[in-house]
Amino acid sequence: MQHSANIRSGGEILVDALKIHGVDTVYCLPGESFLPAIDALAGATGRIRTIVTRHEAAAANMAEAYGKLTGRPGICFVTRGPGASHAAIGIHTAAQDSTPLILFIGQVGTAIRGREAWQEVDYPAMFGGMAKWVVEVDRPERLPELVSRAFHVAVSGRPGPVVVALPEDVLGASAQVADAQAYKRIAAHPGADDLSRLTAMLEASERPLVIVGGGGWSARACRDFQHFVEDFDLPVAAAFRRQDILDNHHPNYVGHAGLGPNPKLVARIRAADLIVAIGPRLGETTTAGYTLFELPRPAQRFVHVHADPLELGRVYQADLPINAGMPEFAAAAAALKPKAAAGWHAPWSAAVKAARADYLADQTPGAMPGRLDLGAVMVHLRESLPRDAILTNGAGNYAIWVHRFHRYGGFRTQLAPTSGAMGYGLPAAIAAKLHQPARDVICFAGDGCFQMSGQELATACQYGAGVVVLLVNNGIYGSIRMHQEREYPGRVFATTLENPDFPALARAYGAFGERVEETAAFAEAFNRARAFAADRNKPALLELVIDPEAITPSATLTGLRAAALKAGQGTT
């Protein structure tokens, strides 16, 4: 359907296009370089909610989290130069996490392009190796066409980020142009021969194992995937930070292949005679530095399903590569049935039960040094939070406890950057709470991680996002200190933090703030924080003070240092 061709400013044409493409939320930090777009957004408040952040990185991270939650492109507006540079972290995360996102950047006027004008950047050069597509609009008449293409590129095939530069004179100029229609996602479907071969390979297998991950999943695709898993009674391991594709309470879920995986799961993956990788790229973290499978030809028979044909064969050569979107593959896989008669039982069913038992056994944390036990905290949360609670985190060793001991309840209960971006957790939590206000949203952050986006507590207060932040404070950049002790034992440098009074800081923003130093005090403190967030629609922060010795659930700094010294790795 064609829409109005009245004379409009470029900003109005752009915002009308956003409406047509179904945008309901925009995350931004305003800049004079796109004032006509801001003015048009002011006139669209009945259709589009504009969330103004305190830093462009947070705006981009919120848009990325929205893209993960909805499958629709998260929309971010930032100004030129410094604003675009700050937002680049969100583009990188969206690229590595396969998340649809569109970043609109104000740009200098077309008449002065190429002179290194104030804050001018060549955006195709800046983002060309990171985004799926980068374009600079040259006149307002092309806005409907190029914005439509941006949406199509962001969601089709392997989802990812798109960058659109908007010269200020293009936004301010007037034009008479018809609107485009709403975008339609384009994805490959698995062929009948592929599905027949997959069934045959499963029936010929004795020790199959599924690794699920990647982007582009939907709630329906997860349900279809679960039906496929149940019909063939397949064990399922999650790729790094993709633990919410199959409900972790499901008897076929056997753990995650990421940071700190269960050694028994790693052994099962290595011993499998058939690996069915559905969605993941099988990147460095999931494959333990590309050592989990032989390169380029895995020893196991190997099926790789991915939305991007260029990813298939890029690192690992598959016996059966299948180019398909996740909803398309999952729907087709759900219709597959074992060829054996009714009442068929998979010959590997006992192995599935054993793998599940190993996973559950690994869910019991051991004791850790210090007065506050993070493992016990995770067990309490696991037992007290509703299954649909959304947990977010950034990067740091604290996340190992979260990924290992929490049981994610299914589709989009986990928002975590596979790119390993610090500062992601709080912006993601705010975006999640604003989009799903009825659900509990818990943000995990380390003391270093939190201070990269802690100012967004102000954003949460302003827009009524009642998230609960669990700030794990060990006074160090923990993951870096861990590697430092392994490589240069005893030579501690540049990893110690002097921190503010975090609860007082939270209260200064108008949030709840409390310090927890003992395990026994956590449950009641968490109840107070959760009640405050729910009653006031404002964030609540608990500072969890842990001993820096507890560097992972199974290692201490002293132990790492001693092992490195024994191996002759360095001197004190």
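All values below come from the heavy atoms of this structure, side chains included, with hydrogens, waters and symmetry mates left out.
- Listed by chain and residue number, nothing satisfies the ring pair (Phe, Tyr, Trp, His ring centres under 6.0 Å) test with Phe444 (two or more places apart in sequence, or in another chain).
- Of all non-hydrogen atoms in Ala154 and Pro73, the two that sit nearest each other are CB-CG, 4.2 Å.
- Among residues at least two apart or in separate chains, ring-ring contact (aromatic ring centres under 6.0 Å, His included) pairs with a member in residues 366-390 are His380-Phe522.
- Side-chain rings of Phe34 and Phe77 approach one another, their centers coming within less than 6.0 Å.
- Here the closest heavy-atom approach between residue Asp247 and residue Arg387 is recorded as OD2-NH1, 3.3 Å.
- Arg561 and Gln484 share no donor-acceptor pair across their side chains, judged by distance under 3.5 Å alone.
- With no hydrogens or angles considered, no side-chain donor-acceptor pair links Asp308 and His306 at under 3.5 Å.
- Side-chain atoms of Glu311 do not come within 3.5 Å of backbone N or O of Ala307 as any donor-acceptor pair.
- Under 3.5 Å, the side chains of Gln455 and Tyr509 contain no donor-acceptor pair of N or O atoms.
- Within the structure, every pair that satisfies the ring-ring contact (aromatic ring centres under 6.0 Å, His included) test and touches residues 54-75, not counting sequence neighbours, is listed here: His55-His86, Tyr66-His435.
- Side chain of Thr519 to backbone of Arg371: a donor-acceptor contact under 3.5 angstrom is found.
- Considering only residues two or more places apart in sequence or on other chains, Arg356 meets the side chain to side chain contact (heavy atoms under 4.5 Å, CB included) condition with Tyr253, Tyr359, Leu360.
- Interatomic distance, CG of Asn499 versus CG of Leu505, reported as 10.5 Å (0.5 Å rounding).
- Counting all heavy atoms, side chain and backbone alike, Gln451 lies closest to Pro500 at OE1-CD, 3.4 Å.
- Using a 4.5 Å heavy-atom cutoff, the side chains of Met130 and Pro161 are not in contact.
- At a threshold of 4.5 Å between non-hydrogen side-chain atoms, the residues Pro553 and Ile400 count as touching.
- The distance from atom CG of Leu385 to atom CZ of Arg439, rounded to the nearest 0.5 Å, is 12.0 Å.
- In this structure the side chain of Thr459 reaches within 4.5 angstrom of the side chain of Met62, judged on heavy atoms.
- With sequence neighbours excluded, the residues that form a ring pair (Phe, Tyr, Trp, His ring centres under 6.0 Å) with Phe225 are Trp217.
- With hydrogens and angles ignored, the 3.5 Å screen pairs a side-chain donor or acceptor of Tyr398 with a backbone N or O of Gly394.
- In this structure, Phe127 and Tyr123 have parallel ring planes: the angle between them is below the 30° cut-off, well short of the 60° mark.
- Scored by the side-chain hydrogen bond (donor to acceptor under 3.5 Å, both in side chains) test, Arg281 finds no partners at all (sequence neighbours excluded).
- For Ala237, the side chain to side chain contact (heavy atoms under 4.5 Å, CB included) partners at least two apart in sequence or on another chain are Leu209, Val254, Leu265.
- Thr286 places no side-chain N or O within 3.5 Å of a backbone atom of Gly283 that could act as its donor or acceptor partner.
- The ring pair (Phe, Tyr, Trp, His ring centres under 6.0 Å) search around Phe532 returns Phe512, not counting sequence neighbours.
- Side-chain N or O atoms of Thr93 include none that pairs as donor or acceptor with a backbone N or O of Gly90 at under 3.5 Å.
- Counting only distance, with no hydrogens or angles, the side chain of Asp244 and the backbone of Tyr408 share no donor-acceptor pair below 3.5 Å.
- Sparse packing is recorded around CZ of Arg220, with 12 or fewer heavy atoms of other residues, nucleotides or ligands lying under 6.0 Å away.
- Between atom CE of residue Met482 and atom OG1 of residue Thr495 there is a gap of 12.0 Å, rounded to the nearest 0.5 Å.
- Contact annotation: the side chain of Asn473 never approaches that of Ile546 to less than 4.5 Å [non-hydrogen atoms, C-beta and beyond].
- Panel note: side chain Asp97, backbone Ala95; no donor-acceptor pair is recorded below 3.5 Å.
- For Ala533 against Val468, the heavy-atom pair with the smallest separation is CB-CG2, 4.1 Å.
- The side-chain hydrogen bond (donor to acceptor under 3.5 Å, both in side chains) pairs that include a residue from residues 256-270 are Arg268-Asp358, where partners are two or more places apart or lie in different chains.
- No side-chain donor-acceptor contact under 3.5 Å links Thr79 to the backbone of Gly31.
- Checked against side chain to side chain contact (heavy atoms under 4.5 Å, CB included), Pro548 has the following partners two or more places apart in sequence or in another chain: Asn474, Ile476.
- Distance check: Ile75 CD1 to Thr25 OG1 gives 10.0 Å after rounding to the nearest 0.5 Å.
- Annotation: side chain of Glu517 is not in contact with side chain of Leu372 (no heavy-atom distance under 4.5 Å).
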Take Val516 and Val545, measure what side chain to side chain contact (heavy atoms under 4.5 Å, CB included) needs, and give me the verdict at the end. CA-CA 6 Å; Val516 181; Val545 181; over 6 Å; no

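- Between atom OG of residue Ser98 and atom CE of residue Met326 there is a gap of 9.5 Å, rounded to the nearest 0.5 Å.
- Arg49 and Asp24 are not joined by a salt bridge, as no carboxylate oxygen comes within less than 4.0 angstrom of a charged side-chain nitrogen.
- For the pair Thr287/Tyr316, a side-chain contact is recorded, criterion being any heavy-atom separation below 4.5 Å from C-beta on.
- Every residue two or more places apart in sequence or in another chain that forms a ring pair (Phe, Tyr, Trp, His ring centres under 6.0 Å) with Phe450 is listed here: Phe502.
- Crowding of Glu524 atom CD: a count of heavy atoms from other residues, nucleotides or ligands under 6.0 Å not exceeding 12.
- For the pair Val377/Asp373, no side-chain contact is recorded, criterion being any heavy-atom separation below 4.5 Å from C-beta on.
- Looking only at distances, no side-chain donor or acceptor of Glu56 sits under 3.5 Å from a matching main-chain atom of Leu29.
- Pairs of residues two or more places apart, or lying in two chains, that qualify as salt bridge (Lys or Arg N to Asp or Glu O under 4.0 Å) and include a residue from residues 531-557 are Arg515-Glu543.
- Among the candidates His406, Gln243, Lys68, the single residue satisfying the side-chain contact (heavy atoms from CB on, under 4.5 Å) test with Gln414 is Gln243.
- Using modelled atom types, one finds a donor on one side chain and an acceptor on the other under 3.5 Å when comparing His403 with Arg241.
- Side chains of Thr496 and Arg481: a donor on one and an acceptor on the other come within 3.5 Å.
- Across all their heavy atoms, Leu415 and Ala432 have their closest contact at CD1-CB, 3.8 Å.
- If you take OG1 on Thr552 and CG on Leu560, they are separated by 7.0 Å, rounding to the nearest 0.5 Å.
- Glu64 and Thr99 form a side-chain donor-acceptor contact under 3.5 Å, judged by distance and modelled atom types alone.
- With hydrogens and angles ignored, the 3.5 Å screen pairs no side-chain donor or acceptor of Asn393 with any backbone N or O of Ala399.
- Shortest non-hydrogen contact noted between Arg80 and Ile105 is CA-CG2, 3.8 Å.
- Residues Val441 and Leu391 fail the side-chain proximity criterion, which asks for heavy atoms closer than 4.5 Å.
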